[in-house]
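Only this structure's heavy atoms are used, side chains among them; waters, hydrogens and symmetry mates stay out. Below, read A as the first sequence line, B as the second, and so on, with proteins coming before strands; counting in each chain starts at 1.
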There are 2 protein chains.
Amino acid sequence: MLNRRSTEQRELIREILQQADEHLDADNIYEQARQRSPNISLSTIYRNLQLFKELGLVEEHQFGSRRYYEPAPQTEHHHLVCLSCGRGFEFKCPSTEGLKSRINKEEGFRVIAAEVCLAGYCPACQERLTATAAGNRTIPGQKEVK
Amino acid sequence: MLNRRSTEQRELIREILQQADEHLDADNIYEQARQRSPNISLSTIYRNLQLFKELGLVEEHQFGSRRYYEPAPQTEHHHLVCLSCGRGFEFKCPSTEGLKSRINKEEGFRVIAAEVCLAGYCPACQERLTATAAGNRTIPGQKEVK
DNA sequence: ATTGCTGCAAAGCCTTTGCAGGCGG
DNA sequence: CCGCCTGCAAAGGCTTTGCAGCAAT
């Protein structure tokens with residue numbers, strides 16, 4: 001049957017996710033993991049993310065065309081994505097519960113999960129963009145956001 | 001420079017999008033288009049969707065791992081996705097404006113776009129699932145949703 | 001006659017899968 | 001020892017791109 005094992009790689013991935021202060025995609029995790037375990041493979045990352053997801057330890061979110069992972073949160077929260085630097089932020093949205101029950105009543109739709117995703121510009125990028133009003137540049141070392 | 005031309009294929013794609021009563025992905029559009037223009041190619045679909053998007057005529061939404069397209073709506077609305085049959089529905093969410101300005105104030109984040117996506121079960125699927133409590137089946141002819 | 005558009009095929013991403021060997025329990 | 005896990009490489013979806021010919025203006 002399914003007896004999960006504790007391996008170096010598995011614990012490493014879990015640790016990276018726990019300590020992350022931003023949302024990570026599979027490749028971010030891979031890069032961090034190789035620094036401590038150079039032979040780890042990307043498929044191991046994917047397989048363990050998949051496993052953690054099934055166990056409910058990790059949540060997967062898709063913004064645009066990228067998938068991000070984060071440890072399953074204690075409190076419900078939602079996401080802000082910066083259109084310039086691509087970083088993800090979190091915020092709480094107390095009105096979501098009300099929304100769910102309203103949809104339930106008005107549409108007959110039984111709502112299981114609510115995802116509120118806002119896109120805009122984070123404080124740092126607003127500053128940077130207004131300072132250098134030339135626009136259209138990307139932060140070095142950051143994946144470009146189309 | 002960029003002088004857009006009107007071609008049979010381009011008009012066809014636009015027409016399909018206008019008349020759709022559900023959200024379509026690139027392949028849905030392709031299938032519908034081939035019925036009227038059998039030689040049309042999938043890359044033409046993608047290139048025109050890309051173009052329409054840039055012109056603001058069409059909106060692209062990503063639910064899970066799939067991308068859906070719809071004509072740019074007059075009124076802001078949000079999306080319900082059925083976890084069983086995969087169909088997308090729309091609803092209005094008047095509280096979104098309030099949410100935007102709250103985030104603006106509290107987080108200093110300048111919000112450009114708000115996407116609220118709810119997942120659950122549509123009325124038809126609720127009925128079908130409770131009737132045949134065996135669960136875990138897919139509607140024939142529907143793409144399977146993992 | 002330009003030059004944007006199309007179809008085809010090939011390449012690109014990201015993610016998943018098959019396989020043989022290795023390691024945890 | 002058993003069998004779950006790993007690394008590697010290959011395969012899979014979906015989307016994008018290069019190219020030569022075609023067609024709209």
Side-chain angles (χ1 to χ4, degrees), chain A residues 1-17 23-55 57-69 86 88 142-146, chain B residues 1-17 23-55 57-69 86 138 142-146:
Chain A
M1 301 292 280
L2 293 188
N3 274 322
R4 305 302 176 191
R5 283 182 187 166
S6 160
T7 65
E8 181 204 332
Q9 295 91 329
R10 182 162 294 169
E11 293 313 317
L12 179 53
I13 295 169
R14 214 146 126 55
E15 221 171 276
I16 288 172
L17 280 163
H23 299 157
L24 303 175
D25 65 18
D27 205 61
N28 296 148
I29 298 169
Y30 180 48
E31 288 307 329
Q32 286 194 36
R34 325 174 62 167
Q35 292 176 14
R36 289 213 260 152
S37 178
N39 285 327
I40 199 171
S41 82
L42 189 51
S43 33
T44 298
I45 309 290
Y46 278 110
R47 276 191 277 234
N48 279 293
L49 287 174
Q50 177 77 27
L51 175 66
F52 294 158
K53 226 172 42 178
E54 282 165 12
L55 296 177
L57 300 173
V58 159
E59 274 184 12
E60 181 188 73
H61 295 281
Q62 181 130 11
F63 301 141
S65 54
R66 278 205 188 81
R67 291 183 194 171
Y68 295 92
Y69 298 86
Q142 196 92 38
K143 286 192 182 170
E144 191 176 344
V145 175
K146 289 191 186 172
Chain B
M1 298 294 277
L2 294 187
N3 275 322
R4 304 302 177 191
R5 284 180 188 168
S6 160
T7 65
E8 181 205 330
Q9 295 91 330
R10 183 163 293 169
E11 293 312 316
L12 178 53
I13 295 169
R14 215 145 124 54
E15 220 172 277
I16 290 172
L17 280 164
H23 299 159
L24 304 175
D25 64 19
D27 205 61
N28 297 147
I29 297 169
Y30 180 47
E31 288 307 328
Q32 286 194 38
R34 327 174 60 170
Q35 292 176 14
R36 289 213 259 153
S37 178
N39 285 326
I40 198 171
S41 82
L42 190 51
S43 32
T44 297
I45 308 291
Y46 277 111
R47 277 191 278 233
N48 279 293
L49 287 174
Q50 177 77 28
L51 174 66
F52 294 157
K53 227 172 43 180
E54 282 164 12
L55 296 177
L57 300 173
V58 159
E59 274 184 9
E60 181 188 73
H61 295 282
Q62 181 130 11
F63 301 141
S65 54
R66 276 204 188 84
R67 290 183 193 172
Y68 295 92
Y69 299 86
T138 316
Q142 196 93 36
K143 287 193 179 169
E144 191 176 346
V145 176
K146 288 189 184 171

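Judged by closest nucleotide on DNA chain D, B/Tyr69 is the one of B/Tyr69 and B/Glu8 placed further toward the 5' end. Taking for each of B/Leu42 and A/Thr44 the nucleotide of DNA chain D with the nearest heavy atom, the 5'-most of the two is the partner of A/Thr44.
At the phosphate of C/dG7, OP1 or OP2 sits under 4.0 Å from a side-chain N or O atom of B/Gln9. Within the 4.0 Å cut-off from OP1 or OP2 of D/dA24, not a single side-chain nitrogen or oxygen of B/Arg10 is found.
When the C1' atom of D/dC22 is taken as reference, atom CD1 of B/Ile40 falls 15 Å away, rounded to whole Å. Between the P atom of D/dC14 and the CG atom of B/Leu49 lies a distance of 15 Å, rounded to the nearest Å. Taking atom CD of residue B/Glu11 and atom C1' of nucleotide C/dT6, one finds them 15 Å apart after rounding to whole Å. Put simply, CD on B/Glu54 is 13 Å from C1' on D/dT16, counting in whole angstrom units. We find that CG of B/Asn39 is positioned 14 Å from P of D/dC22, with the value rounded to whole Å. Taking atom CD on A/Gln62 and atom C1' on C/dC14, their separation rounds to 10 Å, with Å as the unit. Rounded to whole Å, the distance from CZ on A/Arg66 to C1' on D/dC14 is 16 Å. Separating the CG atom of A/Asn48 from the C1' atom of D/dC4 is a distance of 12 Å, rounded to the nearest angstrom.
Scanning atom types as modelled, no donor and acceptor separated by under 3.5 angstrom connect the side chain of A/Ser65 and the base of C/dC14. If you check distances only, the side chain of A/Arg5 never reaches the base of D/dC5 with a donor-acceptor pair under 3.5 Å.
The side chain of B/Arg47 lies closest to C/dC8 when the candidates are C/dC5, D/dA9, C/dC8. Comparing C/dT6, C/dG25, D/dT6 by their nearest atom to the side chain of B/Thr7 picks out C/dT6. Candidate nucleotides C/dG24, C/dC5, D/dT17 were compared by shortest atom distance to the side chain of B/Ser43, and D/dT17 ranks first. Distances from the side chain of B/Gln50 to the nucleotides D/dT16, C/dT3, C/dC23 place D/dT16 closest. Of the candidate nucleotides D/dT25, C/dC8, D/dT6, C/dC8 has the atom nearest to the side chain of B/Ser41.
Contact of the A/Arg10 side chain with the A/Leu51 side chain is registered, since non-hydrogen atoms from C-beta on lie closer than 4.5 Å.
A side chain to side chain contact (heavy atoms under 4.5 Å, CB included) with B/Tyr69 holds for exactly one of B/Leu17, B/Asn28, B/Ile13, B/Leu24; it is B/Leu17.
Distance check: B/Arg36 CZ to B/Ile16 CD1 gives 6.0 Å after rounding to the nearest 0.5 Å. Atoms CZ and OG, on B/Arg34 and B/Ser41 in that order, are 10.0 Å from each other to the nearest 0.5 Å.
A donor-acceptor pair shorter than 3.5 Å can be found between the side chains of A/Gln50 and A/Glu54.
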